[in-house]
Amino acid sequence: MQEADKLISGEKLTHGEYVRLVESYKDEHVREALQNEAVRIRSVHYGRRVFIRGLIEFTNYCRNGCFYCGINSSCKSVTRYRLTKEEILECCSKGYEYGFRTFVLQGGEDMYFTDDILVDIISSIKNMFPDCAVTLSVGEREYSSYAKLKKAGADRYLLRHETADEQHYKRLHPKGMSLSERKRCLYNLKELGYQVGAGFMVGSPGQTSDTIASDLEFLSELSPHMIGIGPFIPHHDTIFAKEEQGSVELTLHLLTILRIMFPKVLLPATTALGTAETDGRERGILAGANVVMPNLSPVNYRKEYALYDNKICTGDEAAECIENLKEKFLKIGYEIVQDRGDYPFG
Ligand code: 5AD
């Protein structure tokens, strides 16, 4: 297949070629050839090592009304919570014992967490765990705010662009949110020296091969250090409750394509992938991913951070079961390592 060959040889594809490449997931032979290449490329930069991140979901308050999200501001069934600094540090301590050297602070866009409060939390984590990386995932903020958080010690920032197609973005988000603002934030974060993560859901309502091609083109332009993708999974309390779930096969195909496009990228086998299919995360690794993000939040809050239905949060995918996860990955030939897992610059 022409597009696959072109991708493997490192050439830039046209929009139409990206569309055909995305659609080639229906062809088993193409998929297999691409997967072999993805695994080969990843082993050049990472060997058989898989990085872990401890995910701390520290607030489920959110000012936004993203139509797909189970903690959006109009979801009335959610019991809202915020973790205190002490609770967050407690999560980090536990995580440190389990071998985590990156903590991801993820939350809704909760303006209770002012710059000053976040700066205090970040610097406390950095003080207690100077050998650990801190990743933030707290949505859109001002340039000056991103700058303060960086200065306090934050190393990385996750902000999925969700879709690079204007019309599609509008289909997924309420008035007041815009793709251009999202992109502006991503470029600001990059300029400030964060390791930056973008990404999108696979199979979100209104997504087509054409919009995914735009995602691939936007990612080429941004050239992020991390890319998070996972299948869209409906949440019963959103207007997308009756929509179809995204395809696991297409997600795996896209992970493979992303690995070939961005050889060094930090690519998680996401919780959504593990939720959509029991061995989803293992399959993600086999497709080209090299990161997993087990849940480190206090167990009693986890069910309140349901971005989608049936989100896995206890059992083998949780941070406290890291030993089981290690064993599972060893069985497929991969080693979970104790490492910050920074982007390999240079
Ligand atoms: N299904 C899958 N992923 C979702 N996210 C939010 N809602 C859903 C859903 N229903 C993803 C978004 C967001 C990330 C934190 O979780 O892409 O950026």
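Just follow the structure's listing: the first ligand is 1, and inside any ligand the first atom is 1. We use all heavy atoms of the structure for the numbers below, so side chains are in, but hydrogens, waters and symmetry mates are not.
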Applying side chain to side chain donor-acceptor pair (under 3.5 Å), can you list everything that pairs with Y98, at least two apart in sequence or on another chain?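 By the side chain to side chain donor-acceptor pair (under 3.5 Å) rule, Y98 matches no residue at all.
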Ligand 1 to Y308, heavy atom cutoff 4.0 Å, flagged ligand atoms 1 (N), 2 (C), 3 (N), 4 (C), 8 (C), 9 (C), 10 (N)
Per-atom contacts, ligand 1 versus F232 - under 4.0 Å to a heavy atom: 1 (N), 2 (C), 10 (N)
Would you call D110 and R82 a salt bridge, using N to O less than 4.0 angstrom? yes
When you look for heavy atoms under 4.0 Å from ligand 1, do you find them on the side chain of P234, its backbone, both, or neither?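 P234 to ligand 1: no contact under 4.0 Å from either part.
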Where is the nearest protein heavy atom to [atom]: which residue, which atom, and how far?
atom: atom 4 (C) of ligand 1; value: M201 SD, 3.4 Å
atom: atom 1 (N) of ligand 1; value: I233 N, 3.0 Å
atom: atom 14 (C) of ligand 1; value: R160 NH1, 4.1 Å
atom: atom 15 (C) of ligand 1; value: L307 CD1, 3.9 Å
atom: atom 7 (N) of ligand 1; value: Y68 CD1, 3.3 Å
atom: atom 18 (O) of ligand 1; value: E162 OE2, 2.5 Å
atom: atom 2 (C) of ligand 1; value: P231 O, 3.3 Å

Within-shell test, G230 vs ligand 1, heavy atom, strictly < 4.0 Å: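 No.
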Kindly state each residue pair satisfying salt bridge (Lys or Arg N to Asp or Glu O under 4.0 Å) with at least one member in residues 207-221, sequence neighbours excluded.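 Residue pairs with at least one partner in residues 207-221: there are none.
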Rounded distance (nearest 0.5 Å) linking atom [atom1] of [X] with atom [atom2] of [Y]:
X: L252; Y: I257; atom1: CG; atom2: CD1; value: 11.5 Å
X: T135; Y: F103; atom1: OG1; atom2: CZ; value: 10.5 Å
X: F67; Y: N72; atom1: CZ; atom2: CG; value: 8.5 Å

Quiz question: by atom type and distance under 3.5 Å, do the side chains of N290 and R259 form a donor-acceptor pair? yes
For Y194 against K150, the heavy-atom pair lying closest together: OH-N, 3.1 Å
